[in-house]
Amino acid sequence: MIEITLPDGSVKEVENGTSAMDIAKGISEGLARNVLAAKVNGNVVDAGLPITENATLQLLTWNDKDGKSTMWHSSAHLMAEAIEFFYPGVKLAIGPPVKNGFYYDVDFMDYTITEKDLEKIEQKMKELAKQKNEFIRKEVPKAEAIEYFKGKEDPYKLELLEDLEDGSITFYTQGEFTDLCRGPHIPHTGVIKAIKLTSIAGAYWRGDEKNKQLTRIYGITFPKASELTQYLENVELAKARDHRKLGKELDLFTFSQKVGQGLPLWLPKGAALRERLENFLKKAQKAGGYDQVITPHIGSKELYVCSGHYAKYGEDSFQPILTPDEGEEFLLKPMNCPHHCEIFKSRPRSYRDLPVRFAEFGTVYRYEQSGELHGLTRVRGFTQDDAHIFCTQDQVKDEFKKVIDLVLYIFKTLDFQNFKAQISLRDPNDPDKYIGSNENWDKAEQAIIEASAEKELPTVVEYGEAAFYGPKLDFMVEDALGREWQLGTIQVDYNLPERFELEYTGSDNQKHRPVMIHRAPFGSMERFVAVLLEHCAGDFPLWLTTDQVAILPISDKYNDYSQKLLQLLNNYDIRGFVDDRNEKVGKKIRESELNKIPFMLIIGEQEAANNTVSVRQRGENGDIGSMSVESFADLVGKAIEIELAVNV
RNA sequence: GCCGGUGUAGCUCAGUGGUAGAGUGCUUCCUUGGUAAGGAAGAGGUCACGAGUUCAAUUCUCGUCAUUGGCUCCA
């Protein structure tokens, strides 16, 4: 007999060799039907696997992350079976579960496959799922496994087998299909009730662009048809808040084929919005002891040779700009740091001056791969809310804390709640990759970790993700479609102070090298606006939004009064416009609502006679009654004050 | 950069081997109204660009550019 401890702490005594599924059946048939896999002593395994020792057991269902993954992994096998049915002889590479579903990478040999073929594969999968074929696990000696895939002439599986140890190799079979697989899998295919193959794409074997490109088919499955419907609806909702769509609808930015790809054009409303964001940050930075600087968009090639950027990126980026003078070359600036280093060097610095903080909304140009460009989140010309802090090693931690405060102030003001902070440290296995002394690195890494902990950031630590020149702290948020983007960043740099021979005079009257910290709380104006757009679905906070108020005269008799009102509101720094089109007020309201304008002022006979405004708030509040212009201005002013009065 | 999809009116999209349509927006007129769409008329397109096939190409083929889903990359 063995003892099985369940998550609630209760202990069941069962015969040695009892499976998780047996135990589930002992609890209830209904539960057993929902079990997809089991977690035994922390390892996810087949629910049917005999348990041979005392163990903790968690039954995994669709509600568990590991349960979902298991089902999607099994779904990949099911899809492979359907693919082999239509395209016998194709070579299968790998088919794992991912965040939302699964994929299988397939070498289709001489077959061509298009999106239209997905439907028939989907149909076949449904058919196979209905057969409730069991997933049967079999341990296989390595020689036998190699023999099997030699028979199938599958070079990918054979390559995978090379890295596996004899004795640890398992096959899984369901229906007519057998695959090399560690498992675990769901009990049988019948659990898969709803199937959607979502897209088809190219993917390199083992993620290396030197390798052959395979065809990757993405899909997702559910245990209930209604969940698939729900999922598809959510995808549609996410698309509705895609910043590229909203940016067009709200007239914020555009792109032109003639100007060039990845080069955004900010429209008047977008430019005004961006300016408000910049002023918001400038104000906070001024309070934080930053000095604003301005530097040109190009720099002599020598500058980037000195910084090392030319050696690293010269060939793969925008090429030098030539002048009538032979041998003279300039580069579009890919970053602001070298310019700021030269500003630091423009005069001798004393330890009493440190930290020095130079801030600039600096536009930079980077030749991103064409396939990587994406709306405003990945572009070739963009403006960083950049600043460089030059300080002593001992000041690093304190400066980090201050920058974290700044980032948190921005996130809180704009209601970003779901972010994570990634601490990127050295790769302990490759210490020679990094520039700067070990001692300084240790100090800086410790400073970042401590600063993050003291600020109670939700962090993940990634080893080996640090830049060669220093450790960093990045703030990551997800976009509407679940893609993760880096916004704010704080990076320590030991490289540039060295290369530019930056110095300050210490209290000992000796020359010392300052530490440089790069930081950009927004990341870039472009990416930040994109993520912000998706985050609030275009419904910006009152202080930031384009038009705070729409003045809607009921008929053209009240246009004059409406114009006067607009003047009056402008004096209160309230932005808006008069919709004096010859339309009914119902239509004007509808359009203002759709354009996400926070306040509407309905102006008719009563308002004009009494010098008042009838206020309607966007959304559920609706009509909030009549008041004087002063009261309305006060209302707006107070609302903005609350939005901006955020304590970190 | 690589593999697929897409490119038709300002916007969202139908459609066709015989030089084009809807909705919405825009202009004008009627209507002068009270909290999510009043009515009518009109203007607006080198069907992304270039080449080829054809009597004839927006439609078929190829190329280029842009865009899009992935992969790779990301200072």
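Reminder, nothing fancy here: chain letters follow the sequence lines and each chain counts from 1. The figures here come from the full heavy-atom set of this structure, side chains too, leaving out hydrogens, waters and symmetry mates.
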*Asks:* Please confirm whether any donor atom in the side chain of A:Glu368 sits under 3.5 Å from an acceptor in the base of B:C74, or the reverse.
*Replies:* no
*Asks:* Once you apply a heavy-atom cut-off of 4.0 Å, does A:Tyr218 come out as touching a base, just sugar-phosphate, or nothing?
*Replies:* sugar-phosphate
*Asks:* Quick one: which of B:G1, B:U35, B:G33 gets closest to the side chain of A:Ile589?
*Replies:* B:U35
*Asks:* Rounding to an integer number of Å, can you tell me how far A:Arg581 CZ sits from B:U32 P?
*Replies:* 19 Å
*Asks:* Side chain of A:Pro334, heavy atoms from C-beta onward: which of B:G70, B:G34, B:A75 has the nearest atom to it?
*Replies:* B:A75
*Asks:* Compare the minimum distances between each of B:A36, B:G34, B:G69 and the side chain of A:Ser614, then state the nucleotide with the smallest one.
*Replies:* B:G34
*Asks:* Mind listing the closest non-hydrogen atom pair of A:Pro514 and A:Pro497 along with its distance?
*Replies:* O-CB, 3.4 Å
*Asks:* Provide the distance between the two C1' atoms, one in B:U12 and one in B:U19, to the nearest whole Å.
*Replies:* 24 Å
*Asks:* For B:A37, which nucleotide is its Watson-Crick or G-U wobble mate, given both distances must be under 3.5 Å?
*Replies:* none
*Asks:* Taking only side-chain nitrogens and oxygens of A:Gln261, does any of them come within less than 4.0 Å of OP1 or OP2 of B:A66?
*Replies:* yes
*Asks:* Choosing from B:G33, B:C2, B:A75, which nucleotide comes nearest the side chain of A:Ser317?
*Replies:* B:A75
*Asks:* Need one value for A:Glu249: base, sugar-phosphate or nothing, where a base atom within 4.0 Å counts as base even if backbone is also close, heavy atoms only.
*Replies:* nothing
*Asks:* Expressed as a whole number of Å, how far does the P atom of B:U16 sit from that of B:C60?
*Replies:* 10 Å
*Asks:* Of the nucleotides B:G38, B:C3, B:U35, which has the atom closest to the A:Lys587 side chain?
*Replies:* B:G38
*Asks:* Searching all strands shown, indicate the nucleotide that pairs with B:C60 (Watson-Crick or G-U wobble; both distances under 3.5 Å).
*Replies:* B:G52
*Asks:* Paired with B:C71 by Watson-Crick or G-U wobble geometry, both distances under 3.5 Å: which nucleotide is it?
*Replies:* B:G1
*Asks:* Could you tell me whether the phosphate oxygens of B:U68, OP1 or OP2, come under 4.0 Å of any side-chain nitrogen or oxygen in A:Arg244?
*Replies:* yes
*Asks:* Salt-bridge test for A:Glu236 and A:Lys239: reply yes if a basic N is under 4.0 Å from a carboxylate O, no otherwise.
*Replies:* yes
*Asks:* Using the C1' atom as the point on both nucleotides, what is the distance between B:U54 and B:U59, in whole Å?
*Replies:* 13 Å
*Asks:* Does B:A75 have OP1 or OP2 sitting under 4.0 Å from an N or O in the side chain of A:Tyr365?
*Replies:* no
*Asks:* Rounding to an integer number of angstrom, what distance separates B:U46 and B:U58 when you compare their P atoms?
*Replies:* 13 Å
*Asks:* Ignoring hydrogens and angles, are the base of B:C74 and the side chain of A:Arg366 linked by a donor-acceptor pair under 3.5 Å?
*Replies:* no
*Asks:* Can you tell which of B:A36, B:G70, B:G34 lies closest to the side chain of A:Arg216?
*Replies:* B:G70
*Asks:* Tell which nucleotide pairs with B:U6, taking only Watson-Crick or G-U wobble pairs whose two distances are both under 3.5 angstrom.
*Replies:* B:A66
*Asks:* Rounded to whole Å, please give me the gap between CZ in A:Phe108 and C1' in B:G4.
*Replies:* 12 Å
*Asks:* Consider the side chain of A:Glu591, meaning its heavy atoms from C-beta on, and name the nucleotide among B:U32, B:C73, B:G25 that approaches it most closely.
*Replies:* B:G25
*Asks:* Roughly how many Å is it from CD1 in A:Ile200 to C1' in B:C2, rounded to a whole number?
*Replies:* 15 Å
*Asks:* Give a yes or no on whether the backbone of A:Gln486 and the side-chain of A:Arg527 come within a donor-acceptor separation of less than 3.5 Å.
*Replies:* yes
*Asks:* Side chain of A:Lys584 only, heavy atoms from C-beta on: which candidate in B:G70, B:A36, B:G33 is closest?
*Replies:* B:G33
*Asks:* Nearest whole Å is fine: how far is B:G34 P from A:Ile551 CD1?
*Replies:* 20 Å
*Asks:* Across all strands, who's sitting opposite B:G17 as a Watson-Crick or G-U wobble pair, both distances under 3.5 Å?
*Replies:* none
*Asks:* Compare the minimum distances between each of B:A75, B:U32, B:C74 and the side chain of A:Arg378, then state the nucleotide with the smallest one.
*Replies:* B:C74
*Asks:* Any N or O donor-acceptor pair linking the side chain of A:Glu607 to the base of B:G34 at under 3.5 Å?
*Replies:* yes
*Asks:* By the definition side chain to side chain contact (heavy atoms under 4.5 Å, CB included), identify the one residue from A:Leu473, A:Leu406, A:Asp386 that meets it with A:Arg519.
*Replies:* A:Leu406
*Asks:* Under a 3.5 Å limit for both distances, which nucleotide forms a Watson-Crick or G-U wobble pair with B:G23, could you say?
*Replies:* B:C11
*Asks:* Has the side chain of A:Gln257 got a donor or acceptor atom sitting under 3.5 Å from an opposite partner on the base of B:A48?
*Replies:* no
*Asks:* Rounded to whole angstroms, how far apart are CG on A:Asp556 and P on B:G38?
*Replies:* 16 Å
*Asks:* Using atom P of each nucleotide, how far apart are B:C47 and B:G7 to the nearest Å?
*Replies:* 14 Å
*Asks:* Tell me the interatomic distance from A:Gln213, atom CD, to B:C3, atom C1', rounded to whole angstroms.
*Replies:* 4 Å
*Asks:* Describe the nucleic acid contact of A:Gly207 in one word from base, sugar-phosphate, nothing, applying a heavy-atom distance below 4.0 Å.
*Replies:* sugar-phosphate
*Asks:* What I want to find out is whether A:Arg357 reaches A:Glu399 closely enough, with some N-O distance under 4.0 Å, to be called a salt bridge.
*Replies:* yes
*Asks:* Using heavy-atom distances to pick each residue's nearest nucleotide on RNA chain B, tell me which of A:Lys248 and A:Gly262 is more 5'.
*Replies:* A:Lys248
*Asks:* If you measure from the C1' atom in B:C49 to the same atom in B:U27, how many Å do you get, rounded?
*Replies:* 31 Å
*Asks:* Counting side-chain heavy atoms from CB outward, which of B:G33, B:C71, B:C74 is closest to A:Ala203?
*Replies:* B:C71
*Asks:* Hey, does the side chain of A:Arg380 come within less than 4.0 Å of B:A66's phosphate (OP1/OP2), counting only N and O?
*Replies:* no
*Asks:* Taking the same atom, C1', in B:C74 and in B:G15, what whole-Å distance lies between them?
*Replies:* 42 Å
*Asks:* Would you kindly give the CG-to-P distance between A:Leu118 and B:G69, to the nearest whole Å?
*Replies:* 17 Å
*Asks:* Quickly work out the A:Arg527 CZ to B:A75 C1' distance and round it to whole Å.
*Replies:* 12 Å
*Asks:* Can you check whether A:His374 has a side-chain N or O nearer than 4.0 Å to OP1 or OP2 of B:G70?
*Replies:* no
*Asks:* Write down the atom of A:Pro598, the atom of A:Gln548, and the distance for their closest heavy-atom approach.
*Replies:* CD-O, 3.5 Å
*Asks:* When you measure from the side chain of A:Gln319 to the backbone of A:Ser317, do you find a donor-acceptor pair of N or O atoms at a distance under 3.5 Å?
*Replies:* yes
*Asks:* Between A:Ser370 and A:Tyr558, name the one whose nearest nucleotide on RNA chain B is closer to the 5' end.
*Replies:* A:Ser370
*Asks:* Show your working on side chain to side chain contact (heavy atoms under 4.5 Å, CB included) between A:Gln491 and A:Met516 and close with a plain yes or no.
*Replies:* CA-CA 8 Å; A:Gln491 309 186 2; A:Met516 187 174 177; over 6 Å; no
*Asks:* With heavy atoms under 4.0 Å as the rule, sort A:Glu583 into base, sugar-phosphate or nothing.
*Replies:* base
*Asks:* What contact category does A:Gly586 fall into here, base, sugar-phosphate, or nothing, at under 4.0 angstrom with non-hydrogen atoms?
*Replies:* sugar-phosphate
*Asks:* Should the pair A:Lys345 and A:Phe500 be classed as cation-pi, given the thresholds of under 6.0 Å to the six-membered ring centre and 45° from the axis?
*Replies:* no
*Asks:* Taking the six-membered ring for Trp, are A:Phe358 and A:Phe344 ring centroids under 6.0 Å apart?
*Replies:* no
*Asks:* If you measure from the P atom in B:A57 to the same atom in B:G52, how many Å do you get, rounded?
*Replies:* 11 Å
